[in-house]
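Reviewing the structure listed below.
Lettering follows sequence order; numbering is per chain, from 1.
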Amino acid sequence: MAEPVQSNLPSAYDPKRAEEKWYDYWIEGRFFEAGQDPEKEPYTIVIPPPNVTGTLHIGHALNNTLQDILIRWKRMQGYDALWLPGMDHAGIATQTRVEAKLREQGLSRHDLGREKFLEEVWKWKAKYAANISQQWRKMGLSLDYSRERFTFDEGLSNAVNEVFVRLYEKGLIYRGKYIINWDPQARTALSDIEVIYKEVKGALYHMDYPLKDGSGKICVATTRPETILGDTAVAVHPDDERYQDLIGKTVVLPLIGREIPIIADEYVDPEFGSGAVKITPAHDPNDFEIGIRHDLPQIIVMDESGMMNEQAGKYQGMDRFECRKQIVKDLQEAGVLTEVEEHTHSVGHSERSGAVVEPYLSTQWFVSMKPLAEKAIQAQKSGEGVRFVPDRFEKIYLHWIENVRDWCISRQLWWGHRIPAWYCDECGEMMVARETPDQCSNCHSSQLRQDEDVLDTWFSSALWPFSTLGWPEETDDLKRYYPTDLLLTAYDIIYFWVARMIFSGLEFTDQKPFKDVLITGLVRDAEGRKMSKSLGNGVDPMEVIEKYGADAMRFMLSTGCTPGNDQRFRWERVESARHFANKIWNASRFALMHLDGVTAEELELSGTLSTADRWILHRLNETIADVTRLLERYDFAETGRVLYNFIWDELCDWYIEFAKLPLYGEDEEAKRVTRAVLAHVLDQSLRLLHPMMPFITEEIWQHLPTAGKSITIASWPSPSDAYHAPESVREMEVLIEAIRAVRNIRAEMEVAPKHEIELLIRPDADTTAAIKNNEPAIRRLCGVSNLTIDPNLERPEKSMTAVVTGAELFLPLAGLVDIEQTVARLNAELKKLNAEVERVEKKLSNQGFVAKAPAHIVEAERKKGEEYKEKREKVLARLAEIRA
RNA sequence: GGGCAGUUAGCUCAGGGGGAGAGCGCUUCCUUGACACGGAAGAGGUCGGAGGUUCGAUUCCUCUACUGCCCA
C-alpha cells in the first residue's frame, strides 16, 4: 500500500485521503476479525448498540473512540481482541419517528395495519443501519463486522423469548392490573425510570365536599381537580382528632353527586393541607394502594390518549387539561372551591414524548424484581461484582438496585418483541411459550390469539452481552468471549441498561456480564449546556471529521475529559488536535526524507550514541511505560498529554533539532546511527499513538522502511533495558538550559536571528564533557560562529553574562553589550536564587522535617540547596566583576 | 430533604502531601533547507472561604459558600 514518496509528501496532512484508503485496507485484511489465533487470550467489548433509526451524535463518538482505543491497544498487545458491533431496534423511538413520517402523508399506523406498518419500519431500519455503519467507518472503529448483531434479529429474539419464559416459569413475570405510568401521547405504558420528574408551578385547590346528612362538610386539597370525577373516598388519618366524628360518614361529590365514604388510613399526612385527602384509586399510585386496603371501586375517567371518557359525564371528550379548567370553573360556580393556592410540585413527563405522564390503571406485564435484585446485591457486596470506574458510580448503582420496584415491561407498541403469551378464545386460558402453540393447553381449541403488546426495548438490551454471543446456545463464541472484559457507557444509562445487564447476566449465565464498567460523562456544548435537538446545539461528528479529520476528533474527545466527568465541545480544541496531527506529519516528513532509500537492515540500532540519542531513547522508554500504565487505568487524557509532550516538546523541538547536525553532516557513521535512532523512535511513537489516532499513524508507518503489514497488528512497544540512560537526562537539561539562556539574551538584546555571535562557556567539571561533545549543536541552536568551551577561561571584558546550572556563559556582543541589562538579569536571577536558598534552608533547619520526612526527600532538598548556593556564588561573583 | 461531583492563569480544563501545569488567547521577534496547522523569547495564578491533621497542605479531613447532576 505504501507509496514510494518521501520528499514530495505534501506539507500539510490531508486526513481525507488517508482515512478512505486505510479503512478499506483494514477491512480487506480482516485485521479486526477476532478468533484467528486460538492461542491468544481473548479480550472482549460489546458496543453499546445505538438506536437504529437515529444518527450517531458526538456522545457516541466519544464512547466509541474510547472503546476503539482500548481494543486497538489490546490487539497490539497480542490479545484476541473482539469488539462486537450491533444496533438496537429502539421500540418507542423508532416507532415514533416512522409514525411521524406517516403523519406527513396523512396516515396513521392503524391505516396501514400492524403488518404493513412493520414493513415500513424495517425499511427505515435498513436505511439508518447503513448510515450508522458508514459513520462507524468514518470514525475508524476496529469493529468485527462478521459478528454484527441487531436486537431484533432471530438469535436475539430467541434469547428474549427464552428469558421471558424462564422468568415466567420461575414466577418472576406476572400480568396484572396496576397503576402504571401512561404516556398519553405515545399511548403506551412506561417503566418508572422512563419518567422524568420536573418541578412545575401549579396550584393547590381546596374544595369543600358536603356531608350527605347535611351536618357539615369536609375540605380536601388537590393539585388535580379533574380527578374528582374518579374519587371513590375521602381519607383522613385515624388519629386525627379533627375528623374522629366524620370517619364512616358519607360525602356527596360536588358536580357529579356520587356518594362516597370517609375512611381512615395511616397513609394520610395530617400536616399536609387540611389533613383530608380525596382518593382516586384509578389515577394515583398511593390512592390505588389505599383503594385496595379499603376495597374501594376503581373508576377510570380517561381514555388512552388522555381524553375524558364516558365515566366523566358531561366532561366526556375533553382533554384532561381542558377538563381541569372547566372543572375549576364549575366548582367555583358551585361555591365549592374555597381557596386556590400557588403550589410548585413535581410532575412526571415521558422521557420519550415529553408528555405529562398519567398514572393509569391498566393491565400490564411486570418483572418481579426483588429476587433478581437480591442476587445482584449479593454479588456486588461479596466482591464478586463488576468494577465500576470511577468507583463512585458503584454506590449509585447499588442504591438503585436496593430500592428497585417491579419493572413494567409491556408496551402498547407494534415495533418490538411480541410478548410470548397466547390467550384461548374458547376458554380464556393463557399460555406462555417459547414457540407459537397450535392449540390451547386446556381445551385444545386452536382459536389462539397472541398478546398484542411488545416488550420494553431495554428488556432485550439487558441481554446484549450474552445474547450477541449466541446465548441461549452454548456457542464457541459464548464460551470464549463471555464474560466480556469491559462495558463503556455514559452515566445517564446506568439504571436503564448497566444495572439490568448485571442482574440479567447473573440470573441467566451465573456470571457477571463484564468485569469492568467504565463510566464517562456527557459531551456538552461550549457553554456547558446539554446538547439537545430542541436547542439545536448538537455537534455532528461527521461534520467534525469532514472539517478536521477523524484522528483530530478522536484525540480531542479522548483527551478532553477525566473519567465520569462531562466535557465541553470546543472547536478550538479540535483545531489544536489537528495541529498536533500536522506536527506529527511534518516531523515524519522530515524523518522520511532522511530515510529515503534506506533499507530496514541499515536501520539496525548499533554504534556510538550521542547525548541526544541516548536521551530520546531513554525518554521513549519512560513514555512507553507511562502510556501503558495510563491506559491500564483508562486514563485517556493523561495518555494523550504524555504523548503530545513527548512527540512535540521532546522529539520535535529538541531531538530532531539535534539530529539535523549529523543528518546534514559528513560523518557517514553518525548519519547512519542518527537515522536508526530517528526511525526507531518514530516507529515506536506511532505505535503508541495508533490507538488514539489510527489513520495518520498507519499512513506514516507504512512509509517506514521497517513497516509490516499493518500498524493495527504491530506489536505494542515495551521499554528496553539497553536504552536505559538516566545520565543523559541531566546532560540534556544542561544543554537545553544553556541554549535557552543564550537565546534569551539574544532576544532581549534584539540580536537579529541571522547575526552569528561569539559565545564563551565556562563549564563545571562534571558538565564539561557533555558540553564539549555537543559543540556543533550549541553552535547551530544558538546561532554562534565562534565558540570557546574552557573550564578555566577568564571572563572577557565587556560581555553579557548568564549563569546556568553547570556552566557560565559569556557573550561578548561587540557594540551591543548592555551592562545595565546584564546586571538586571543577574539581579533577577539572584533574587530567585535567594528565595530558593532561603526556602531550602528553612526546611533543612526544621528539625521536624529532617527527622520525619523520608530520607530521599531530605537528601534531594540538600542537593538542591547546594546547587542553588553554588549558582548564587557564581552570580555574585559576576556581579562583583562587573562593578569592579 | 438525601447523595455525588465541581470551584486552579483572561477562557476551557489537567494535576496532585515536599519548587503551580497544558491547550487556546495575549506581547515581542522570525517565512532558517519537517512544519506559519510553524519556530524563538516572554507576560499571566496568594489553586472558592474558614478551621484542623502533618515536619510540610493547592493536594488529606471537617465546616462553609456558590454551581451542576442524581435520587426521594
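rC35(B) and rA40(B) have their P atoms separated by 14 Å, given to the nearest Å. Of the P atoms belonging to rA22(B) and rG15(B), the separation is 15 Å, rounded to the nearest Å. With C1' as the reference atom, rC37(B) and rU31(B) are 15 Å apart, rounded to whole Å. rC13(B) and rG68(B) have their P atoms separated by 14 Å, given to the nearest Å. rG23(B) and rU64(B) have their C1' atoms separated by 33 Å, with the value rounded to a whole Å. On the C1' atoms, rG17(B) is 30 Å away from rG10(B), given to the nearest whole Å. With both ends at atom P, the span from rC60(B) to rC4(B) equals 15 Å, rounded to whole Å. Distance check on atom P: rG6(B) versus rA14(B) gives 9 Å, rounded to whole Å.
Considering only the side chain of Pro753(A), rC30(B) comes nearest among rC55(B), rC24(B), rC30(B). Nearest to the side chain of Lys852(A), among rU54(B), rU12(B), rG18(B), sits rU54(B).
Leu62(A) and Gly521(A) make their closest contact through CD2-O, 4.1 Å (heavy atoms, listed as atom of the first residue, atom of the second, distance). Residues Leu735(A) and Asn774(A) approach most closely at CD1-ND2, 3.4 Å, considering heavy atoms. Nearest heavy atoms, Thr801(A) versus Thr822(A): N-OG1, 3.7 Å.
The NE2 atom of His399(A) sits 8 Å away from the P atom of rA72(B) (whole-angstrom rounding). One can place CG of Leu522(A) at 13 Å from P of rC13(B), the figure rounded to the nearest angstrom. Atom CG in Leu557(A) sits roughly 15 Å away from atom C1' in rG23(B) (whole-Å rounding). Here the C1' atom of nucleotide rA22(B) and the CD atom of Glu638(A) are 10 Å apart, to the nearest Å. Atom pair Ile757(A):CD1 and rU32(B):P shows a separation of 20 Å (rounding to whole Å applied). For the pair Asp566(A) CG and rA5(B) C1', the computed distance is 10 Å after rounding to whole Å. Between the CD atom of Gln567(A) and the C1' atom of rC11(B) there is a distance of 16 Å, rounded to whole Å. To the nearest angstrom, P of rC69(B) lies 13 Å from CD1 of Ile196(A).
Counting only N and O atoms by type, the side chains of Tyr13(A) and Asn586(A) include no donor and acceptor under 3.5 Å apart. Side-chain contact, Asp626(A) with Thr623(A): no donor N or O sits under 3.5 Å from an acceptor N or O. Checked by atom type, the side-chain pair Asp649(A)/Trp654(A) shows no donor-acceptor distance below 3.5 Å. With 3.5 Å as the limit, one finds a donor-acceptor pair spanning the side chains of Glu737(A) and Thr805(A).
An OP1 or OP2 oxygen of rU12(B) is reached within less than 4.0 angstrom by a side-chain nitrogen or oxygen of Arg568(A).
Tyr495(A) comes within contact range of the sugar-phosphate backbone alone, with a heavy-atom separation under 4.0 Å but no base atom that close. Tyr644(A) comes within 4.0 angstrom of sugar-phosphate atoms only, judged by non-hydrogen atoms across all strands, and of no base. Using a 4.0 Å heavy-atom cutoff across all strands shown, Ser346(A) reaches no nucleic acid atom at all. In this structure, Glu836(A) reaches the bases: a heavy-atom distance under 4.0 Å links it to at least one base atom across the strands shown. Backbone-only engagement by Asn565(A) is indicated by non-hydrogen atom pairs under 4.0 Å involving sugar-phosphate atoms exclusively. Residue Arg641(A) is out of contact with every strand shown, counting any heavy-atom pair closer than 4.0 Å. Base contact: Ile857(A) has a heavy atom under 4.0 Å from a base atom. Using a 4.0 Å heavy-atom criterion, one finds that Ala637(A) contacts no nucleic acid atom at all.
Mapping Trp585(A) and Lys395(A) onto RNA chain B via the closest heavy atom, the residue that lands nearer the 5' end is Lys395(A). The nearest heavy atom of RNA chain B to Asn645(A) and to Gly848(A) marks one nucleotide each, and the one closer to the 5' end goes with Asn645(A).
A distance-only check finds no donor-acceptor pair linking the side chain of Thr562(A) to the backbone of Asn565(A) [under 3.5 Å]. Between the Glu19(A) side chain and the Ala550(A) main chain, a donor and an acceptor come within less than 3.5 Å of each other.
Qualifying side chain to side chain donor-acceptor pair (under 3.5 Å) partners for Glu194(A), counting only residues two or more places apart in sequence or in other chains: Ser191(A), Arg411(A).
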Only Watson-Crick and G-U wobble pairs with both distances less than 3.5 Å should count. Give RNA chain B in dot-bracket notation, marking inter-strand partners with |. (((((((..((((....[..)))).(((((.......))))).....(((((..]....)))))))))))).
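In His399(A), the NE2 atom is not crowded: 12 or fewer heavy atoms of neighbouring residues, nucleotides or ligands sit closer than 6.0 Å.
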With B for base contact, S for sugar-phosphate-only contact and - for none (protein heavy atoms under 4.0 Å), nucleotides 35-46 of chain B reads B-BSSSSS----
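Ring-plane geometry between Trp458(A) and Trp497(A) is classed as tilted, the angle between the planes lying from 30 to 60 degrees on a 0 to 90 degree scale.
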